[in-house]
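First up is the structure itself, then whatever we jot down about it.
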Amino acid sequence: MTGPFISVSELADALGGSAPPAVLDASLVLHSAAFDGDYRRDSGRPRWLEAHIPGSQHVDVASQFSDTESPLHYAHPEPQAIADELARLGIAKGREVVVYDSTGTLWAARLWYLLRWIGVPARVLDGGFAAWQRAGERVESGETPAPGPVAPWRADAVRRAWISLQELVERESADDRPLVCGLPHGSFTGADPTRYSRRGRIPGSVNVSSRDLFTTDGHVKSRVELILAYDKAGVDVSGPDAPEVLLYCGGGISAAANALTLAAIGTTAVRIYDGSLEEWSADPSLPLEVGEPA
């Protein structure tokens, strides 16, 4: 397995092989905010029921792969909780997992990031379900028999993946690690309505919108285009000595797409601030900047 993406043709071949990967559809619909504090989401399961890759299972990141005891919408669960959910879905330790969605790859990226955190060999379908359909590959609809659970298996974190609120608050001004916001530019500047408590960005951060890292038809952009997108924001990701990249967004989802595309160019020293603006903006003592950066 090389790189974080798998093409449609590679997946089609793998599904016809002797050891096919498990395929998970992570689609979830998160609506754009019409006004400040407007937070609305819908399950992606109806989309999966309408049409999906044969043998795939739909999973809900918000309920199955998030800490539902947390006040935050998508706080990461403990490694063992992720492994237990995979075992319940019939996925044994070491089995390759391919994740896709029909909603822009952000949710697939989030699940990929969680799985890689605990060492699961996971990849994301480049172009998502739309690419699968455009290629004329077979699809199924309606309920399909799900595999039975497998024996529980032990999991631990295999890499540093998260940066906490406290770490960001205590971050020194001389810290050379870039802090990158993966939200669209209008959210970064505060021009657009926010789903959260206040508009704006964390001071000192730069903007590389995760949506700008994919083509209009949903494929990841070329290596050169990805490097240039970060370079334009003043973030060096091309060299072996580049500093760790810290990522945030609204709730840790768009940031996962940034992490996914960084991995595609070989940059794996990244961490996501899971609370992102949902947590930061809820504390009135923490500063936020609005407007175009100086």
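Just so you know, these numbers use all the heavy atoms, side chains as well, and skip hydrogens, waters and symmetry mates.
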Inspect the contact between Glu143 and Arg45 and indicate whether a charged nitrogen and a carboxylate oxygen are less than 4.0 angstrom apart. yes
Is Glu292 reaching over with its side chain to a backbone N or O of Thr189, donor-acceptor style, under 3.5 angstrom? no
Below 4.0 angstrom, N of the basic side chain to O of the carboxylate: do Arg195 and Asp38 qualify? no
Where do Ala257 and Leu106 come nearest, in terms of heavy atoms and distance? CB-CD2, 3.4 Å
Check for me, please, whether Val169 and Leu72 land in the same ILVMFWY cluster - side-chain distances under 4.5 Å, paths through other members count. no
Scanning both residues in full, the closest heavy-atom pair of Asp126 with Val220 reads OD1-N, 2.9 Å
Before giving the answer on side chain to side chain contact (heavy atoms under 4.5 Å, CB included), spell out for Leu277 and Leu288 the whole-Å C-alpha distance, their side-chain angles and the decisive distance to 0.1 Å. CA-CA 9 Å; Leu277 289 177; Leu288 285 169; 3.9 Å; yes
Would you indicate whether the side-chain heavy atoms of Arg199 and Pro193 approach each other to under 4.5 Å? yes
All heavy atoms of Ala233 vs all of Asn207, minimum pair found to be CB-O, 3.8 Å
With Arg110 as partner, the option from Asp274, Asp101, Asp60 fulfilling salt bridge (charged side-chain N to carboxylate O under 4.0 Å, His left out) is Asp274
Under 3.5 Å, is there a donor-acceptor pair linking the side chains of Gln64 and His58? no
Once rounded to the nearest 0.5 Å, what's the spacing between atom CG of Leu89 and atom CG of Asp84? 11.0 Å
Are Glu50 and Arg47 ion-paired here, with the side-chain N under 4.0 Å from a carboxylate O? no
May I ask you to check whether over 12 heavy atoms, not counting those of Glu69, lie within 6.0 Å of atom CD? no
Answer yes if the side chains of Trp107 and Ser27 hold a donor-acceptor pair under 3.5 Å, and no otherwise. no
With distance as the sole criterion, is a donor-acceptor pair present between the side chains of Gln133 and Glu137 under 3.5 Å? no
Evaluate the side chain to side chain contact (heavy atoms under 4.5 Å, CB included) criterion for residues Val235 and Val206: first the C-alpha distance (whole Å), next the side-chain angles of each, then the deciding distance (0.1 Å), finally the verdict. CA-CA 9 Å; Val235 180; Val206 298; 3.8 Å; yes
Going through the checks in order, is the side chain to side chain contact (heavy atoms under 4.5 Å, CB included) test met by Leu15 and Val23? CA-CA 9 Å; Leu15 290 177; Val23 182; 3.8 Å; yes
Please examine the side chains of Trp280 and Ser197, heavy atoms only from C-beta on, and report whether any two atoms are closer than 4.5 Å. no
Side chains of Asp67 and His76: any donor to acceptor distance under 3.5 Å? no
What pair of heavy atoms forms the shortest contact from Asp192 to Ser187, and how long is it? OD2-N, 3.9 Å
hydrophobic_cluster_shared for Tyr273 and Leu183, side chain cutoff 4.5 Å: yes
Just by distance, no angles: are the side chains of Asn258 and Tyr248 close enough, under 3.5 Å, to form a donor-acceptor pair? no
Salt bridge or not for Arg154 and Asp156, using N-O below 4.0 Å? yes
Polar side-chain atom of Ser276 near backbone of Glu278 as donor-acceptor pair, under 3.5 Å: no
Do you reckon Leu260 sits in the same ILVMFWY cluster as Tyr113, going by side-chain contacts under 4.5 Å, direct or chained? yes
Are any side-chain N or O atoms of Tyr230 and backbone N or O atoms of Leu262, one a donor and one an acceptor, separated by less than 3.5 Å? no
Exercise: identify the closest heavy-atom pair between Arg211 and Ser254: NH1-OG, 3.5 Å
Does the distance from a Lys or Arg side-chain N to an Asp or Glu carboxylate O, for Glu167 and Arg271, drop under 4.0 Å? yes
Measure up the Tyr74 and Tyr39 rings against each other and bin them: parallel (under 30°), tilted (30 to 60°), perpendicular (over 60°). tilted
Are Arg198 and Asp283 ion-paired here, with the side-chain N under 4.0 Å from a carboxylate O? no
Is there a path from Ile272 to Val120 through hydrophobic residues (I, L, V, M, F, W, Y) whose side chains come within less than 4.5 Å of each other? yes
If you group Ile, Leu, Val, Met, Phe, Trp and Tyr by side-chain heavy-atom gaps below 4.5 Å, do Trp112 and Phe214 land in one group? yes
I'd like to know if the side chain of Thr144 and the backbone of Glu140 have a donor-acceptor N/O pair within less than 3.5 Å. no
For the student: nearest non-hydrogen atoms of Cys249 and Ala255, plus distance: SG-N, 3.3 Å
How far does OG of Ser164 sit from CD of Glu170, to the nearest 0.5 angstrom? 7.5 Å
Donor-acceptor under 3.5 Å (Thr267 side chain, Val237 main chain): yes
Rounded to the nearest 0.5 Å, what separates atom CD1 in Ile227 from atom CD1 in Ile265? 5.0 Å
